[in-house]
There are 2 protein chains.
Amino acid sequence: MPQNNAAKKITLEVVKTACSNCNLRELCMPLGLSRQEIERLDEMVSSRRRLRRGEHLYRAGEHFDAIYAIRSGFFKTDVLIEDGRDQVTGFQMTGELLGLDGISTEAHSCNAVALEDSEVCVIPFSHLEGLSREIRTLQHHFHKVMSREIVRDHGVMMLLGTMRAEERLAAFLLNLSQRFTARGYSPAEFYLRMTRDEIGSYLGLKLETVSRAFSRFQEEGLIAVQQKYVRILDTDGLKKLMSHQRG
Amino acid sequence: MPQNNAAKKITLEVVKTACSNCNLRELCMPLGLSRQEIERLDEMVSSRRRLRRGEHLYRAGEHFDAIYAIRSGFFKTDVLIEDGRDQVTGFQMTGELLGLDGISTEAHSCNAVALEDSEVCVIPFSHLEGLSREIRTLQHHFHKVMSREIVRDHGVMMLLGTMRAEERLAAFLLNLSQRFTARGYSPAEFYLRMTRDEIGSYLGLKLETVSRAFSRFQEEGLIAVQQKYVRILDTDGLKKLMSHQRG
DNA sequence: CGAGCAGGTTGACGTGGATCAAACGGCCTC
DNA sequence: GAGGCCGTTTGATCCACGTCAACCTGCTCG
């Protein structure tokens with residue numbers, strides 16, 4: 001660590017990175033911590049890191065030693081295999097964690113790329129483990145976060161394994177909408193940070209298919225699209241479409 | 001807990017369930033624990049549970065309070081959604097853990113069904129968390145296990161999102177082979193515990209497609225199949241097939 | 001301001017796998 | 001040993017999505 005605890009208390013750097021001052025606390029941290037415990041979290045976050053659009057936060061194969069909490073911005077993670085195929089495995093937004101995949105082998109298993117200018121908190125994993133041995137609620141919270149990731153992935157497997165193109169896109173839009181809502185943004189309108197190609201990769205579809213599905217939704221009055229700007233006009237319609245058995 | 005620690009030391013039940021006597025230790029537990037620490041693991045496992053083929057270990061929606069280590073047998077997990085669709089999210093064998101998905105909401109998010117007569121160790125989650133606050137290596141091992149699950153799921157997403165039918169089946173067979181090998185069984189021949197339908201569900205294919213792919217592999221001399229009995233004749237052939245760009 | 005370009009849309013066509021259907025094989029019960 | 005059932009195989013047909021290709025739109029940069 002570049003600085004000890006005493007120094008921390010006075011540097012501006014620390015004030016900026018302190019969890020105790022962070023308005024995202026309720027998103028990435030457990031509720032019900034004592035004031036004291038929350039202050040201890042400040043020890044955990046070693047620094048922040050800013051990334052410009054297109055920059056990698058980490059790359060597959062790199063040594064793992066920290067997880068990242070997104071303070072602002074938007075990311076994608078993707079996996080690349082030898083034969084050239086790749087797939088986007090997820091999109092992450094403010095308040096979500098990145099890097100959990102690296103714990104298992106101590107090397108990152110995917111790439112994380114900023115889709116817009118972003119800022120993350122760097123949480124050295126050994127700090128997190130140390131502190132979660134002392135703070136029960138933190139430990140439990142972290143386990144829940146990892147477990148949620150597993151459940152989320154099962155949802156994606158479900159989507160990829162059983163849904164048809166339009167169902168997948170509807171599910172995708174509803175999921176984004178819900179996550180934006182949880183962050184205090186409008187549930188009904190947002191900018192997509194990713195390209196049609198990236199959406200397609202995530203949903204197991206080609207970009208043309210994604211584009212056609214967008215057009216179709218528009219024709220049917222479910223949404224209004226203008227390139228990356230999306231307005232959801234009929235949430236229930238999307239839900240119905242999503243859960244409707246094959247056509 | 002039905003029995004306290006003192007009682008544990010003498011009952012036969014405990015001798016049978018003790019981690020310290022378990023020959024699966026190296027599969028489900030971290031290496032490098034002291035004798036003392038290993039004995040403490042015995043406190044963690046509260047009991048065993050036997051299941052007959054077809055029985056549920058847990059069901060989606062049930063309250064979560066323990067994870068399970070498979071001592072012997074074979075399981076599948078599946079998710080069911082309202083509209084009637086379902087998907088197998090995984091197959092688990094000896095030495096693997098079940099139930100990690102339940103941590104996030106304290107309710108299981110999928111069903112776990114024994115595909116043959118099986119036995120599991122019941123590990124109450126609060127015991128595991130308690131002990132991992134005290135034993136660093138246990139904590140770290142558990143985090144690795146959860147992370148590995150995430151990485152595995154990303155692999156499945158990759159499979160579902162980018163591979164064609166025969167590539168998926170090849171990947172599936174190679175994965176099984178590798179896991180059997182790790183358990184000391186033959187890498188080249190094994191009994192499938194699941195039906196074609198279950199394989200299809202897991203791979204995002206219909207059973208007819210799975211069946212045809214099996215036949216095709218047989219014609220090409222890659223494998224020999226007789227219903228559930230599979231012999232792999234050409235591992236490299238399967239690997240090549242798996243990683244070959246759209247044939 | 002115009003050129004160049006990346007991302008997006010739309011159309012025409014091809015195909016891998018789904019669907020529908022029939023028949024088969026092993027296994028269990030009576 | 002006959003009958004029934006479940007899982008599997010195989011064939012014929014269909015269709016959702018991929019592929020290929022043309023064109024369009026908004027941005028960036030000289």
Side-chain angles (χ1 to χ4, degrees), chain A residues 52-54 76 84-88 113 115-116 159-172 191-220 223-230 241-242 244-247, chain B residues 52-54 76 84-88 113 115-116 159-172 191-220 223-230 241-242 244-247:
Chain A
R52 306 195 58 84
R53 179 156 183 270
K76 71 166 177 182
R85 279 184 282 207
D86 66 343
Q87 182 167 30
V88 172
V113 185
L115 295 183
E116 63 182 17
L159 179 146
L160 292 171
T162 73
M163 292 189 184
R164 39 190 56 222
E166 294 189 3
E167 294 171 338
R168 294 184 200 190
L169 188 63
F172 175 70
Y191 279 94
L192 299 172
R193 307 301 179 177
M194 67 297 278
T195 66
R196 301 287 188 266
D197 194 32
E198 286 163 335
I199 297 172
S201 172
Y202 180 61
L203 298 178
L205 302 169
K206 292 289 147 183
L207 70 297
E208 293 95 328
T209 307
V210 174
S211 180
R212 276 185 247 270
F214 269 122
S215 303
R216 196 113 199 293
F217 286 0
Q218 177 138 266
E219 280 166 33
E220 289 170 2
I223 63 172
V225 219
Q226 281 174 54
Q227 353 189 146
K228 309 229 154 168
Y229 176 64
V230 174
L241 193 156
M242 188 187 85
H244 240 37
Q245 288 273 52
R246 14 226 72 207
Chain B
R52 306 195 58 83
R53 177 159 185 270
K76 70 166 178 183
R85 279 184 282 208
D86 67 342
Q87 182 167 30
V88 172
V113 186
L115 294 183
E116 62 180 18
L159 180 146
L160 292 171
T162 73
M163 292 188 182
R164 38 193 54 225
E166 293 188 6
E167 293 171 339
R168 295 184 198 189
L169 188 64
F172 175 70
Y191 278 94
L192 298 172
R193 307 301 179 178
M194 68 297 277
T195 66
R196 301 287 188 264
D197 194 33
E198 286 163 336
I199 297 173
S201 171
Y202 179 61
L203 298 178
L205 302 169
K206 293 288 145 182
L207 71 296
E208 293 96 327
T209 306
V210 173
S211 178
R212 276 185 247 269
F214 269 121
S215 303
R216 196 112 200 292
F217 286 180
Q218 177 139 267
E219 279 166 33
E220 289 170 2
I223 63 173
V225 220
Q226 281 175 57
Q227 0 192 138
K228 309 230 156 168
Y229 176 64
V230 174
L241 194 155
M242 188 187 84
H244 240 37
Q245 288 273 50
R246 14 225 72 207

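By convention in this document, chain letters (A, B, ...) are assigned in the order of the sequence lines, proteins followed by strands, and residues within each chain are numbered from 1.
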Length of the line joining A:K228:NZ and C:dT9:P, which is rounded to integer Å: 10 Å
Heavy atoms from other residues, nucleotides or ligands near OH of A:Y191 exceed 12 (cutoff 6.0 Å): no
Euclidean distance, atom CD of residue B:E219 to atom C1' of D:dT10 [Å, nearest integer]: 11 Å
Any side-chain heavy-atom pair of B:F217 and B:V225 under 4.5 Å: no
Residue whose closest nucleotide on DNA chain D lies nearer the 5' end, A:A165 versus B:T195: B:T195
Lys/Arg N to Asp/Glu carboxylate O, A:E116 vs A:R53, below 4.0 Å: no
A:I199 vs A:Y202 side-chain heavy atoms within contact, under 4.5 Å: no
Gap between atoms CZ and C1', on B:F214 and D:dT10 respectively (whole Å): 16 Å
Under-4.0 Å salt bridge between B:E166 and B:R212: no
Touch class at under 4.0 angstrom, heavy-atom based, for A:L207 against every strand present: base
Polar pairs (N or O, both sides) under 3.5 Å between protein and nucleotides 12-14 of chain D?
{"from": "D:dA12", "atom 1": "N6", "to": "B:R212", "atom 2": "NH2", "distance (Å)": "3.4"}

Nucleotide D:dT9, atom P - distance to NZ of B:K206 in whole Å: 17 Å
Relative orientation of the end axes in the helix from C:dC1-D:dG30 to C:dC30-D:dG1, expressed as an angle to the nearest 10° (five pairs per end): 40°
For B:A170 against B:M242, the heavy-atom pair lying closest together: CB-CB, 4.2 Å
Exam field: side chain B:R196 to backbone B:L207, donor-acceptor pair closer than 3.5 Å: no
Value in whole Å for how far the C1' atom of D:dC17 lies from CG of A:L160: 15 Å
Sugar-phosphate, base or nothing in reach of A:G204, heavy atoms under 4.0 Å: sugar-phosphate
Side-chain heavy-atom pair B:T209, B:F214 within 4.5 angstrom cut-off: no
d(CZ, A:R53; P, D:dC27) in whole Å: 12 Å
Nearest-nucleotide pick for B:S215, side chain only, options being D:dG18, D:dT9, C:dG7: D:dT9
Per-nucleotide protein contact string for nucleotides 21-26 of chain C (B base, S sugar-phosphate only, - none; heavy atom under 4.0 Å): -----S
Residue pair A:L159 / B:Q87, side-chain heavy-atom distance below 4.5 Å: no
B:S211 side chain near D:dT9 phosphate (N/O to OP1/OP2, under 4.0 Å): yes
Residue B:R164, side-chain atoms from C-beta onward, closest of D:dT9, C:dG16, C:dG7: C:dG16
Separation of atom CG in B:L205 from atom C1' in D:dT8, rounded to whole Å: 16 Å
Non-hydrogen side-chain atoms of A:L115 and A:E198 separated by less than 4.5 Å: yes
Under 3.5 Å donor-acceptor, B:S201 side chain and B:V88 backbone: yes
Residues A:E220 and A:R216 bridged, charged N to O under 4.0 Å: yes
Atom-pair distance (CG on A:L169; C1' on D:dA16), nearest Å: 15 Å
